[in-house]
Amino acid sequence: MSNRVFALVDCNNFYASCERVFNPGLAGKPLVVLSNNDGCVVARSAEARALGIKMAQPWFQCRHLVKPHGLIALSSNYALYADMSRRVMAILSGFSPEQEVYSIDESFLVFDDKAASQRLETGSGIRNKVLKWTGFPVSVGFGPSKTLAKLANHWAKTQPEFSGVCDTAALPACRRRALLEATPASEVWGVGRRLTEQLQALGIHSVADLQAADPAWLGRRFSVVLERTAEELRGVSCLQLEDVAPPKKQIMTSRSFGTLVASLPDLREALTAYATRAGEKLRAEGQLAGEVHVFIRTNPFSPDAPQYSGALRLRLPEPTDDTLQLVKAARYLLKQLYRPGFLYQKVGILLSELQPATLRQGQLFGPADSDRRTRLMGVMDRLNRELGRDTLFLAGAGIDRSWRMRQGNRSPRYTTDWAEIPLARA
DNA sequence: TCTGGGGTCCTAGGACCC
DNA sequence: TCTGGGGTCCTAGGACCC
């Protein structure tokens, strides 16, 4: 148990890399991937980054770069990214018995303390194998805590001297010192915009400054979260590997509309579609929901338009994973929330008070009825999984869906939809 | 004209109990 | 004159992550 080493493996520009794997013509070009609704930038190729485009920047602010610089923008294609992610994570799992899939493009691995040379060798091995098998470039950072592994990964990615693999323990002391002083505290995992401002006011600017501050004092001044971060920067591991994903506590489905929506029937259609999706997620998790929350709001970025936002929740008589019951509850709440005379930008549903489906209580209306309902949901999920989303859906979710989000330039679902599989021509 | 979606954790403060 | 205090639960809001 002593002296374990964390590695953080991270796919470089993951979404952009996914697009390039299937469309090599995009290589070397400035490329961004846009969020749902084509709203803002969620991924940038190195070339796009060099144009000064920032993460999460609204698309309308970068659009002027298309003509002069050949900037290419694609709508996000989450079905493709999720599938590619599974492949990369499966390869990584072969390198260590202990893996935490931290996000769609990042994984922590744990190794028993090996010699520094061995770690660098392992890191290169990971890079080569993932590149060869999937076409994705990855970076690898090693450290005695998760926070230091993250930091090492940042250096692996940004400092060419490391060739994509950096081990904090293997750095010469003077080089390490220089990097800590040159890296702003805001790069540290867990230090966001607000904390950065407050730390700066206290004279803490670099990672070296944060590392030098007394963790207990930071804990009193801010919170235990920052205290742990400071300890981790000093090499004291406080955050454990979470290799079994804890069950979700909430499930949310929400989207901004492609065009603003005023009428209750349109809102109801959208909410029905989101509640259906939330039900799918819930059943995939093997959980039941005890509470349904619904929220709606107008566009907060139009300060001149009349603003309204509201949220309500309902405790279900009995926890359920039945889409029809979730939809019914959601529609009831929406009816209470709705105010005419506003242009709505977003509606959403949140399921909470989740519990394992194995704890399902005896049904009030007899087992026959509820069994039928469970089977119906099973059939719906299977058809939609195997034949593509929305093969079977509730008519209440609408057919023409004028509220649907914008996706002006989505690439095909190369790997998850039979109709969009790539064609090889001889 | 145009600004994501889906989560988690922590804290402060109020209500309530004995 | 003097007007408890500690524990627990809940909620809202803030901050962070990718």
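Basis for what follows: all heavy atoms, side chains included, without hydrogens, waters or symmetry-related copies. A note on names: the letters A, B, ... follow the listed sequences, proteins ahead of strands, and every chain is numbered from 1.
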| note | Of the listed C/dC16, B/dT8, B/dT3, the closest approach to the A/L195 side chain comes from C/dC16
| Which of the following nucleotides, B/dC9, B/dT8, B/dG4, is nearest to the side chain of A/K248? | B/dT8
| said: Mind checking if A/I251 touches a base, just sugar-phosphate, or nothing, with heavy atoms under 4.0 Å? | reply: sugar-phosphate
| task | Give the nucleotide from the list B/dG7, C/dC17, B/dG4 with an atom nearest to the side chain of A/W189. | result | C/dC17
| request: Could you let me know what C/dA15 is paired to, Watson-Crick or G-U wobble, both distances under 3.5 Å, or none if it's on its own? | output: B/dT8
| query | Across the strands shown, which category fits A/T253 at heavy-atom distances under 4.0 angstrom: base, sugar-phosphate, nothing? | reply | sugar-phosphate
| note | Closest to the side chain of A/R63, out of B/dT11, C/dA15, B/dT1, is B/dT1
| Which one, C/dT11, B/dC2, C/dC16, comes nearest to the side chain of A/F60? | B/dC2
| message | Set out, in order, the CA-CA distance, both residues' side-chain angles and the distance that settles side-chain hydrogen bond (donor to acceptor under 3.5 Å, both in side chains) for A/Q211 and A/R234, then state yes or no. | response | CA-CA 6 Å; A/Q211 204 182 41; A/R234 295 171 167 225; over 6 Å; no
| note | Sorted by position of nearest nucleotide on DNA chain B, 5' first, the leading residue of A/P58 and A/R228 is A/P58
| request: Inspect the contact between A/E285 and A/K281 and indicate whether a charged nitrogen and a carboxylate oxygen are less than 4.0 angstrom apart. | output: no
| said: Let's see if you can work this out: which of C/dA15, B/dG4, C/dC18 has an atom nearest to the side-chain heavy atoms of A/R194? | reply: C/dA15
| said: Starting the side chain at C-beta, find the nucleotide from B/dG4, C/dC16, B/dG6 nearest to A/V42. | reply: B/dG4
| query | For A/D105, which contact category applies under a 4.0 Å heavy-atom criterion: base, sugar-phosphate, or nothing? | reply | sugar-phosphate
| Among C/dC18, B/dC9, B/dT3, the one nearest A/C40 by side-chain distance | B/dT3
| task | For A/V188, answer base if it contacts any base atom (sugar-phosphate contacts may also be present), sugar-phosphate if it contacts only those atoms, and nothing otherwise; contact means non-hydrogen atoms under 4.0 Å. | result | sugar-phosphate
| When we call it a touch if two heavy atoms are under 4.0 Å apart, what does A/Q61 touch: a base, just sugar-phosphate, or nothing? | nothing
| Taking the side chain of A/K249 as its heavy atoms from C-beta onward, which of C/dC17, B/dT11, B/dC9 lies nearest to it? | B/dC9
| task | Identify the residue among A/E19, A/R49, A/R44 that makes a side-chain hydrogen bond (donor to acceptor under 3.5 Å, both in side chains) with A/N13. | result | A/R49
